Amino acid sequence: MLNKILIDLRSDTVTKPTPAMRKAMAEAEVGDDVFLEDPTVNRLQEVVADLLGKEAALFVPSGTMGNQIAIRGLTQPGDEVICEADAHFLHYELGGIAALSGVHARTIRGVRGVITAEQIAALIRPAVYYMPTTKLIALENTHNRAGGAIFPVEEIQKIAALAKQHDLRLHLDGARLWNASAATGIPPHEYAHAFDSVSVCFSKGLGAPVGSALAGSREFIARARRIRKMFGGGMRQAGILAAAAIYALEHQRARLVEDHRNARRLAEGVADIPGLEIEHESVQTNIVIINIAQTRMEAATAVTALLQEGVGVVAFGLYVLRAVTHSEITGEDIESAVKVFRKVFLR
Ligand code: TLP
């Protein structure tokens, strides 16, 4: 790393466990989870199933594994998955759906990450023997590359009705579903209701060091448990990690609105700088996408220049930066970050 990052807006994954969370981890009762004997993992799975209104849940090491297990569990090789063109699993999961499930994607360019039932309906394959089988629709809420955009419940319901009509499965990448719920007040189970599988993360805005979960029917989760083991995700005394996740769910969800407030402040400050544009103007949650094309500075150069001033962001395209707010970013940090943006882009 070039310089010490003082204000780390690269991701909400950089958050470290707090002393209270570490205490919960240290005190966790544990057992061998491959033998289904870790009481804290079992409790976390119950808590998550309950929050998402599903019969069962499974603790997994990462959001990537949650998505990959779900897609493997809901498809057969050669099947087709319909998703938004900027879905996380298309960009950042190393082609896992092809490598691990033998499926491919048919994509739709959404508006702020939202694809409609109408758009999806146009892509569903007819039952012709020489065509792939459309099997799964995958949505993302909040949508990472669309700038933390929230997928509205009304559209999910329309998509669910379509899926039912065509006997398609539905998966939700809900890595940041907690942010959507905190922003709208709509409980997670309402967002999750129509889906066969939902993956959620504890290691992003909630601040746990590791871990995600997959939720669905009892039957689906039993299958998912076998796939998790096959993918090498069977963990032993994972209760130490599950304790952090339980702590995060109980204590860190309500405060996400502070991150959203800080993201809006950052967006306002940055949008004031000539040449910088906030791609998705109204920032809905904790992700800010900044287009710097007008400055003619490439994102990689900007990342280095900002880093030299102590501000960490990531490149999300040739002329696109992403900044993410989280529990370790204060209002003062946002003011300082805006000053650094001014310094870098107004020189
Ligand atoms: N996203 C990371 C990077 O991979 C981009 C980040 O910093 O935002 N689904 C969504 C919507 C995600 O944003 C992520 C992580 C994942 C899944 C994967 O989670 P992990 O990193 O736990 O495998």
Side-chain angles (χ1 to χ4, degrees), residues 5 8-16 48 58-72 81 83-97 99-100 105 110 112-115 138-151 171-181 183 188 191-192 195 197-215 228 231-233 235 238 241-242 244-245 248 256 259 263 280 283-290 299 303 312-317 320-329:
I5 303 182
D8 197 349
L9 301 167
R10 288 173 303 163
S11 183
D12 46 11
T13 58
V14 302
T15 44
K16 297 185 191 76
V48 172
L58 183 71
F59 189 41
V60 295
S62 68
T64 299
M65 195 183 280
N67 284 337
Q68 295 299 328
I69 291 173
I71 292 168
R72 176 67 179 246
V81 178
C83 64
E84 206 278 330
D86 265 341
H88 185 276
F89 66 81
L90 293 183
H91 282 270
Y92 305 111
E93 299 184 16
L94 300 99
I97 66 162
L100 303 172
R112 305 215 56 204
V114 177
I115 56 176
L139 307 179
E140 192 172 310
N141 196 8
T142 65
H143 194 297
N144 185 345
R145 286 188 57 88
I150 297 167
F151 209 109
H171 170 65
L172 174 64
D173 178 346
R176 295 188 180 81
L177 188 62
W178 318 118
N179 293 82
S181 283
Y191 279 118
F195 292 90
S197 65
V198 180
S199 59
V200 289
C201 291
F202 314 114
S203 60
K204 313 230 152 37
L206 295 192
V210 175
S212 298
L214 193 56
R228 180 186 68 177
F231 287 177
M235 297 179 284
L241 300 174
L256 291 173
D259 301 342
H280 306 291
V283 170
Q284 294 178 355
T285 56
N286 68 328
I287 299 180
V288 183
I289 305 282
I290 305 157
V303 166
V313 299
V314 294
F316 243 39
V320 182
L321 301 174
R322 182 190 75 164
V324 185
T325 55
H326 51 77
S327 58
E328 292 174 23
I329 297 295

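All ligand and atom numbering here is 1-based and tracks the order in the structure. All figures in this text were calculated on a predicted structure; none of them were measured in a lab.
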ask   = Does any non-hydrogen side-chain atom of Lys16 lie less than 4.5 Å from one of Pro209?
value = no
request  = Using ring pair (Phe, Tyr, Trp, His ring centres under 6.0 Å) as the criterion, list what pairs up with Tyr92, not counting sequence neighbours.
outcome  = His88, Phe316
request  = Would you indicate whether the side-chain heavy atoms of Phe231 and Met65 approach each other to under 4.5 Å?
outcome  = yes
ask   = Would you say the side chain of Trp178 lies within less than 4.5 Å of the side chain of Thr285, judging by non-hydrogen atoms?
value = no
task = Report the distance from atom CG of Asp86 to atom CZ of Arg145, rounding to the nearest 0.5 Å.
result = 4.5 Å
ask   = Side chains of Val313 and Val303: does their closest heavy-atom pair fall under 4.5 Å?
value = yes
Taking a 3.5 Å cut-off between nitrogen or oxygen atoms, can you list every pair linking ligand 1 to the protein, with distances?
from     : atom 1 : to     : atom 2 : distance (Å)
ligand 1 : 1 (N)  : His88  : NE2    : 3.1
ligand 1 : 4 (O)  : His88  : NE2    : 2.9
ligand 1 : 7 (O)  : Ser11  : OG     : 2.7
ligand 1 : 7 (O)  : Arg322 : NH2    : 2.9
ligand 1 : 8 (O)  : Asn144 : ND2    : 3.0
ligand 1 : 8 (O)  : Arg176 : NH2    : 2.8
ligand 1 : 8 (O)  : Arg322 : NH1    : 2.9
ligand 1 : 9 (N)  : Asp173 : OD1    : 3.1
ligand 1 : 9 (N)  : Asp173 : OD2    : 2.7
ligand 1 : 13 (O) : Asn144 : ND2    : 2.8
ligand 1 : 13 (O) : Arg176 : NH1    : 2.8
ligand 1 : 19 (O) : Lys204 : NZ     : 3.0
ligand 1 : 22 (O) : Gly63  : N      : 2.9
ligand 1 : 22 (O) : Lys204 : NZ     : 3.2
ligand 1 : 23 (O) : Gly63  : N      : 3.4
ligand 1 : 23 (O) : Thr64  : N      : 2.9
ligand 1 : 23 (O) : Thr64  : OG1    : 2.6

